[in-house]
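First comes the structure, then the notes that go with it.
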Amino acid sequence: MRRVFIVAVLGFTAALISSFVSSGQVMQAQAPAARLGTDGDHLRGGPRGVVKTSQGLPIGGLMVQLVVEQKSVRTTVYTDPHGRYEFPKVDAGEYTLRLARPIEFRPYRRENVRIDGPTVLPDIILDRVSTSEYVPPTPDILPQLSEAEWLANLEGTAQEKKAFVNACGGSCHGFQMQMRARFSEASWRNIVTRMGYTERILVQPPGGSVRFDRVTKKWSFGPGREDGRDRFNADEREMVIKWLARVRGPESKNPPMKPFPRPTGAATRVVVTEYELPWELVNVHDVAGDADGNIWFTINRSPLIGKLDPKTAKVTSYRVPQPDGMHPGLHWIEVAKDGNVWVSDTWSRSQFMFNPRTGAFSSVYTGQHGNLDLAPDGKSLWHTDRGKIKKWDTATMFTNGGMPVMEWALPTLNGGYGNFLSRDGTYFAAGGSKVIWMDIRKGEVREAPVLSGNAGSGRGDFDPDGNVWVGSKLGQLIKYDPKADVTTEYTPPTPHVNFYTARTDRNGEVWAGEMHGGKIARFNPRTEQWIEYVLPAAWSQDYHSWIDNSSDPVTYWYGDQYGYIVRVQPLPETQTQTRAQAQLQAAQNPAASSAVPEIDEYDRVAQVWYRQRLAKSGPARGQEIYYMSCWMCHNEYTIAADPKNHAPSLKDLFTSGTVTDQAVMAKVRAGGPRMPAYASNLLSDQDLRDLVAYLREKCGTFPTEAGGGGCFDERNPPPNPRYKAR
């Protein structure tokens, strides 16, 4: 086993010395290294600059934006801790350069900025609007605040604010208007009552369903919410009304506002592109991509679907035929593998298929509206309705009167919200007051309750492992593991937000728009870590997004309720840098390190695990890390037995004076042709600092045989500090 192990790790730092002959050679040797992917190469290489205060201090986490009016496109990038920003490559021409939502700083805008290639732009110099952490509630600052920031700054109990978010921000709209408003209690009572508690307009009354008779052209109302329950009660209604009257009454004042912290770290390594649409006062609902890279979308309150070509920013619209007397508006959209576009009509409860090649629409009344799903093979549509899971055959539904071909009874629920199938088409799921799951092959149907009860009727997705993810309108991401038959809830770092949907990518990460937060959440279930991408606009009314899994990294698309399409492109790990350079930045960021816990001096297992047998930090601990992780390849025996120098001696590592600590850390992180890369879950940043401290202090100081390692005294191992017997 010893030989096998040595072979397996033989390349640990095989090229270390040859790569470190001089710092210049390090850069020369590693600059041509392969990037993680070429898809993201265009995300850098454009105009760049620096943002700093009038005192010369760099400002991190600010959103710098280029606007090209000819294409109706806004591109936003984020400053790093040094205040630096860099745009993607752009066409030569004149642009508007501005800051999006600077909040704590004075606005900045410069027009007719000439750009030709990687132009270095003049420094952006800013002054703060306040000397404290609070900003004045002035007219220019208030619109920049997200709705969640508004709630965080207004008075009121957590219960009052939660009731308000659930009642007034579940999905239909944001609540910037409520924050601007000033009404008496009587007026707020009228508004709240009219909007949903007893006389809900346009859609349905509380606790009731609504249907349109296509023959008589009349509406009929029936009992029961589609998710099986009424969400709000009379006490919550009164709480919301009285809270609004108190904080948004005629005499109410805005307090000084404390903004949320600006983004840092991974949350700034992203490019956000906003595409304007041909119309104003439209509400985008769903988006979906096709095989040619176009983004299709529905307009929720107009009889239009659109196609955005991101390469040109051109939008082509198509008018969907509507029945007479019907309120216009579309909802779900999906593109089949054959290129046909499927759409649901909100009010006529019909489904449409649009053929882009012929421009022809096919329609059929099924009695269904809202969130359907198209099977991966394009052969069936799925939806829950009236206590059943229903399946339609796409080949026959336009000729059989829109009748389903199969039905499965739900155990207790009347229906769900957000119907979706697994990637292989073998499982069905839906959100609701419980998570609905079905094994299609076996016909097994489950209704999985959520511990808190806050399912909230969200839409969702299956991840590659077969788990169900639902975005709760009540503020959580919900996971259902059908293998264990267990649901788990995950709450985002930002308060006062809701999720309408949850989408998963090819890596199993979960993406969702944080309604009211002005952020897109990216959640890694394996590490349970969140990245929240702050958007240039203060809202994120994301109803149903689409993930392009063909890009590297994946690309996230959504259409905002306020009428534009948004693309979120995380930067590749080593964009326009070598892997070693990127890891160098990580090594210099103490916040990214994995902290070593306090270890009981008698806990041998923990001491070995965290490499604390000799010391808790510093060169002494670095010696143990070197022995456990490096010595196996870089010992005198292995070196002598390796004629090809795959495991070179490190004894002269620092003798030239040109190799830096950071370069060594980066090399350990990056690895090489025969050397494994030690990620942070193997060696934390603190581990690397202790290791390098030891190497710099001890490398070359120990007597060894010719060609020996010189960094560890194999003949005189360090004493055990816990040994007391004499």
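All values derive from a computational prediction rather than experimental measurement.
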In terms of side-chain heavy atoms, does [X] have a donor or acceptor partner in [Y] at a distance below 3.5 Å?
X: W557; Y: D548; answer: no
X: T504; Y: E509; answer: no
X: Q65; Y: R98; answer: yes
X: R567; Y: Q569; answer: yes
X: H369; Y: S344; answer: no
X: Q476; Y: Y490; answer: no
X: D140; Y: T138; answer: yes
X: R128; Y: T53; answer: no
X: S545; Y: Y556; answer: yes

Next item on the list: For N419 and T384, run side-chain hydrogen bond (donor to acceptor under 3.5 Å, both in side chains): C-alpha distance rounded to whole Å, both residues' side-chain angles, the deciding distance at 0.1 Å, then the answer.
Entry: CA-CA 7 Å; N419 307 269; T384 55; 3.2 Å; yes
Rounded distance [0.5 Å steps], [atom1] in [X] versus [atom2] in [Y]:
X: H173; Y: N283; atom1: NE2; atom2: CG; value: 11.0 Å
X: Q70; Y: S72; atom1: CD; atom2: OG; value: 9.0 Å
X: L330; Y: D345; atom1: CG; atom2: CG; value: 5.5 Å
X: D481; Y: T487; atom1: CG; atom2: OG1; value: 10.0 Å
X: K434; Y: I478; atom1: NZ; atom2: CD1; value: 13.5 Å
X: I241; Y: I191; atom1: CD1; atom2: CD1; value: 10.0 Å

Is any side-chain N of the basic residue among [X] and [Y] closer than 4.0 Å to the acidic one's carboxylate O?
X: E185; Y: R248; answer: no
X: K519; Y: E532; answer: yes
X: E236; Y: K162; answer: no
X: D127; Y: R106; answer: no
X: E489; Y: K479; answer: no
X: R109; Y: E111; answer: yes

Item checked: H285 and its ring pair (Phe, Tyr, Trp, His ring centres under 6.0 Å) partner, picked from W296, Y543, Y558, F297 ->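 The single option meeting the ring pair (Phe, Tyr, Trp, His ring centres under 6.0 Å) with H285 is Y543.
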Using a 4.5 Å cut-off on heavy atoms from C-beta on, say whether the side chain of [Y] contacts that of [X].
X: K52; Y: L57; result: no
X: T273; Y: V566; result: no
X: W332; Y: V343; result: no
X: N300; Y: T346; result: yes
X: V272; Y: L535; result: yes
X: R237; Y: V192; result: yes
X: L477; Y: P492; result: no
X: V284; Y: I565; result: yes

Report yes or no: does [X] contribute a side-chain atom to a donor-acceptor pair with the main-chain N or O of [Y] at less than 3.5 Å?
X: E149; Y: F260; result: yes
X: S252; Y: V247; result: yes
X: T79; Y: I59; result: yes
X: D80; Y: G83; result: yes

Next item on the list: If the plane angle is over 60° it's perpendicular, under 30° parallel, otherwise tilted; pick one for F523 and W530.
Entry: tilted
Next item on the list: Classify the ring geometry between W539 and Y562 as parallel (under 30°), tilted (30 to 60°) or perpendicular (over 60°).
Entry: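 Correct class here is tilted.
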Margin query: salt bridge (Lys or Arg N to Asp or Glu O under 4.0 Å) for E276 and K71? Distances and angles first, verdict last.
Written below: CA-CA 9 Å; E276 301 288 346; K71 288 189 175 182; over 6 Å; no
Taking the ring of [Y] and the ring of [X], is the distance between their centroids below 6.0 Å?
X: Y78; Y: Y85; answer: no
X: F175; Y: H516; answer: yes
X: Y500; Y: Y417; answer: yes

Check: Given V435 and E447, is the side chain to side chain contact (heavy atoms under 4.5 Å, CB included) satisfied, shown in steps?
Finding: CA-CA 6 Å; V435 177; E447 294 176 352; over 6 Å; no
Checklist line | CA sep, side-chain torsions, deciding dist, call: R503, D542, salt bridge (Lys or Arg N to Asp or Glu O under 4.0 Å) | finding: CA-CA 11 Å; R503 302 307 304 267; D542 174 12; over 6 Å; no
Notebook entry, point to check: Would E251 and R182 satisfy salt bridge (Lys or Arg N to Asp or Glu O under 4.0 Å), going step by step from the backbone distance to the final call?
Noted result: CA-CA 8 Å; E251 305 302 324; R182 297 292 190 277; over 6 Å; no
Closest approach of [X] and [Y], non-hydrogen atoms and distance?
X: L154; Y: P255; answer: CD2-CD, 4.2 Å
X: H82; Y: V50; answer: O-CG1, 4.1 Å
X: A266; Y: I531; answer: CB-CD1, 3.7 Å
X: A148; Y: T494; answer: CB-CG2, 4.3 Å
X: D463; Y: W469; answer: OD2-NE1, 3.0 Å
X: L308; Y: P310; answer: O-CD, 3.2 Å

Item checked: ring-ring contact (aromatic ring centres under 6.0 Å, His included) between F462 and F420, worked out -> CA-CA 8 Å; F462 280 88; F420 48 97; 5.7 Å; yes
Within a 6.0 Å radius of atom [atom1] on [X], are there more than 12 heavy atoms belonging to other residues, nucleotides or ligands?
X: K258; atom1: NZ; answer: no
X: Q159; atom1: CD; answer: no
X: L451; atom1: CG; answer: no
X: R506; atom1: CZ; answer: yes

Next item on the list: Run the numbers on V165 and L151 for side chain to side chain contact (heavy atoms under 4.5 Å, CB included), then give the verdict.
Entry: CA-CA 9 Å; V165 173; L151 281 188; 3.2 Å; yes
Notebook entry, point to check: Y480 pairs by side chain to side chain contact (heavy atoms under 4.5 Å, CB included) with which of V468, I436, V450, T488?
Noted result: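 Running side chain to side chain contact (heavy atoms under 4.5 Å, CB included) over V468, I436, V450, T488 with Y480 returns exactly one hit, V468.
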